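Worksheet: the structure to be examined is printed underneath.
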Amino acid sequence: MFNQSIATFRYWPAVLALSFGAAGQAGAAEAGRIVFVTGEVQLASKAAVLDSAVQEGDELSTGSQGYVYMKTVDGGFLILRPNSKARVIAYKVDADNPANTRVKLELLSGVARSISGQGVKLSRQNFRFNTPVAAIGVRGTDFIVSTDQLTTRIAVVSGGVVVSGFDGACGPEGGGPCEGRGSRELFAGQPGMLLQVDKGQNVPKLLNNPGASPDQAAPPRSDEPSGRVATPATTVPTVPGTAVNLDAKKDAINQLNKPPVAPVLPPVPPVVVAPEPKGPDVIWGRWERIANTPPDPAVLAKLNNPAYDDGTVVGSYAIKRRLDSNLVLPAEGKVSFELAESEASLQRKGGDALAAKITDASLNVNFGTRSFNTSMLVYSPEGETRVRATGDVHSKGNLVNNSASNTTVQGYLTGAKADGAQFIFKTIDGQSWNAEGYTRWTTPTR
């Protein structure tokens with residue numbers, strides 16, 4: 001019996017070659033075989049059992065405790081976890097001419113893992129994995145997907161994926177990866193990183209959110225296969241009319257269900273994810289219409305940005321600074337700043353505000369006494385007024401006028417070394433004209 005089993009086992013590589021070659025021939029409809037099943041699992045409206053053949057067009061579904069592992073004809077895996085439904089749309093593998101290979105899978109709901117077989121590895125341009133909202137192609141071998149009708153999330157175990165939402169150029173009826181401006185790639189080696197596609201969203205979002213991982217939606221069993229493609233000696237062939245020793249076949253199935261040795265893969269170059277822009281150190285804008293100039297359309301959104309402090313409003317202007325500003329005030333010394341940018345208006349008592357300009361401007365800061373003084377001429381063709389203010393420099397670089405000044409000034413020193421400043425202002429009880437506006441200051445270039 002032992003010698004007969006060994007003889008049969010040695011015969012399998014030749015049988016496998018016949019099987020793999022047959023899968024490459026036109027008309028082969030078998031996509032794979034069930035090598036593990038537990039709980040409630042349906043295959044083409046029947047209860048799935050071990051060694052059931054999965055044909056092109058078949059649908060697999062699992063109940064609340066169901067798991068099923070399908071081993072594909074080219075040595076890969078399609079794994080469904082609980083409460084999931086998938087369909088094998090096409091699985092034709094041509095080992096002799098990989099350009100003829102066509103593989104298309106569809107996850108309708110739930111969580112699935114796809115481990116590419118040798119046929120897919122040789123013909124990645126002809127592989128497609130659809131969900132209700134996204135098209136997934138492969139750059140490597142192993143990925144996990146969770147989906148419902150509105151949202152798909154993809155995590156990568158090894159290799160990489162290219163993902164796109166459905167639009168005019170990328171439809172669910174297509175084959176192969178959708179690649180273009182709207183596609184995004186994700187590679188292994190980035191713990192917690194996911195791609196997410198929402199219904200109607202063409203461009204996937206890159207998330208660093210381990211809590212949203214497909215593994216959290218439906219955890220894997222401890223015996224879930226690795227990304228290693230089985231060798232012929234551990235592959236159970238199925239060739240019509242070929243007698244296979246049952247003991248040897250069981251041994252091979254047991255080999256498949258043993259935890260495999262982790263593969264040694266070549267290092268995958270990490271994907272450098274550009275950090276999200278922090279935004280400017282200081283934001284400002286008009287929150288109401290003034291001098292025939294409309295309010296800043298984004299100023300209300302700016303004022304609600306949690307990355308910035310509470311800020312302040314003076315007249316028609318608002319200004320805020322980032323909470324993570326790293327400014328350090330010098331302990332001593334004096335700096336004279338020069339005006340780099342400004343916006344202002346003039347208004348006669350009882351009259352309309354008029355657009356104005358600023359000239360002859362100065363801002364002086366004494367770091368030793370933590371004080372400042374500023375002066376500027378605000379003018380228009382109709383009139384002008386001289387604006388003057390003095391005030392204090394607070395420990396975090398805030399500029400605040402003192403109570404004796406007839407001008408309200410609120411703003412900040414900026415830059416890590418306090419080499420800039422920005423403030424908004426409004427005069428009070430001017431003799432003939434009142435002025436308000438915004439100014440940005442820099443240190444003079446040497």
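The structure presented is a predicted model; accordingly, all values stated were derived computationally and were not measured. Index from 1, following the sequence.
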| said: Working note: Arg87 + Asp58, criterion salt bridge (charged side-chain N to carboxylate O under 4.0 Å, His left out); need CA distance, chi angles, decisive distance, verdict. | reply: CA-CA 6 Å; Arg87 183 164 50 233; Asp58 280 352; over 6 Å; no
To the nearest 0.5 angstrom, please state how far the [atom1] atom of [X] sits from the [atom2] atom of [Y].
{"X": "Leu323", "Y": "Lys396", "atom1": "CG", "atom2": "NZ", "result": "8.5 Å"}
{"X": "Met70", "Y": "Ser52", "atom1": "CE", "atom2": "OG", "result": "12.0 Å"}
{"X": "Asn398", "Y": "Asp392", "atom1": "CG", "atom2": "CG", "result": "11.0 Å"}
{"X": "Ile283", "Y": "Gln422", "atom1": "CD1", "atom2": "CD", "result": "10.5 Å"}
{"X": "Leu195", "Y": "Leu186", "atom1": "CG", "atom2": "CG", "result": "4.5 Å"}
{"X": "Lys71", "Y": "Ile79", "atom1": "NZ", "atom2": "CD1", "result": "11.5 Å"}

| Step by step, would you call Arg33 with Val54 a side chain to side chain contact (heavy atoms under 4.5 Å, CB included)? | CA-CA 6 Å; Arg33 292 258 164 176; Val54 181; over 6 Å; no
Do [X] and [Y] come within less than 4.5 Å of each other through their side chains, counting heavy atoms only?
{"X": "Thr131", "Y": "Val197", "result": "no"}
{"X": "Val400", "Y": "Gln410", "result": "yes"}
{"X": "Tyr91", "Y": "Thr101", "result": "no"}
{"X": "Arg221", "Y": "Phe36", "result": "yes"}
{"X": "Glu59", "Y": "Lys85", "result": "yes"}
{"X": "Thr62", "Y": "Leu60", "result": "no"}
{"X": "Asn130", "Y": "Ile136", "result": "no"}
{"X": "Leu399", "Y": "Val393", "result": "yes"}

| When the ring planes of Phe423 and Phe425 are compared, do they come out parallel, tilted or perpendicular, using 30° and 60° as the limits? | perpendicular
| request: Would you please classify the geometry between the Tyr438 ring and the Trp284 ring as parallel, tilted or perpendicular, with 30° and 60° separating the classes? | output: parallel
Can you see whether [X] engages [Y] through a side-chain donor-acceptor pair at a distance of less than 3.5 angstrom?
{"X": "Thr151", "Y": "Asp198", "value": "yes"}
{"X": "Thr439", "Y": "Ser342", "value": "no"}
{"X": "Asp309", "Y": "Tyr412", "value": "yes"}

Shortest non-hydrogen contact between [X] and [Y], atoms and distance:
{"X": "Pro82", "Y": "Ser64", "value": "CB-O, 3.3 Å"}
{"X": "Asn208", "Y": "Pro191", "value": "OD1-O, 4.0 Å"}
{"X": "Leu194", "Y": "Ser213", "value": "CD1-N, 3.8 Å"}
{"X": "Thr443", "Y": "Val335", "value": "CG2-CG1, 3.8 Å"}
{"X": "Ser123", "Y": "Pro98", "value": "OG-O, 3.0 Å"}
{"X": "Ala421", "Y": "Leu363", "value": "CB-CD2, 3.8 Å"}

[X] with [Y]: basic N within carboxylate O range, under 4.0 Å:
{"X": "Asp281", "Y": "Arg321", "result": "no"}
{"X": "Glu343", "Y": "Lys357", "result": "no"}
{"X": "Asp419", "Y": "Lys417", "result": "no"}
{"X": "Asp215", "Y": "Arg81", "result": "yes"}

Without swapping roles, check the side chain of [X] against the backbone of [Y] for a donor-acceptor pair under 3.5 Å.
{"X": "Glu436", "Y": "Ala344", "result": "no"}
{"X": "Arg113", "Y": "Pro225", "result": "yes"}
{"X": "Asn126", "Y": "Ala99", "result": "yes"}
{"X": "Asp74", "Y": "Val120", "result": "yes"}

More than 12 foreign heavy atoms under 6.0 Å from [atom1] of [X]: is that the case here?
{"X": "Gln55", "atom1": "CD", "value": "yes"}
{"X": "Asp352", "atom1": "CG", "value": "no"}
{"X": "Gln125", "atom1": "CD", "value": "yes"}

| Candidate list Arg102, Glu106, Arg128, Glu56, test side-chain contact (heavy atoms from CB on, under 4.5 Å), partner Ile89, passing option | Glu106
| field | Evaluation steps, side chain to side chain contact (heavy atoms under 4.5 Å, CB included), between Thr374 and Trp441 | value | CA-CA 11 Å; Thr374 186; Trp441 308 76; 4.0 Å; yes
| query | Is there any salt bridge (charged side-chain N to carboxylate O under 4.0 Å, His left out) pair reaching into residues 153-180, and which pairs are they, with sequence neighbours excluded? | reply | Arg139-Glu179
| field | Criterion side chain to side chain contact (heavy atoms under 4.5 Å, CB included) on Ile319 and Thr312, from CA distance to verdict | value | CA-CA 6 Å; Ile319 193 167; Thr312 189; 3.7 Å; yes
| request: List the steps, then state whether side chain to side chain contact (heavy atoms under 4.5 Å, CB included) holds for Val37 with Leu43. | output: CA-CA 11 Å; Val37 60; Leu43 168 59; over 6 Å; no
| request: Would you sort out whether Ser164 and Ser183 count as a side chain to side chain donor-acceptor pair (under 3.5 Å), showing the intermediate values? | output: CA-CA 4 Å; Ser164 176; Ser183 64; over 6 Å; no
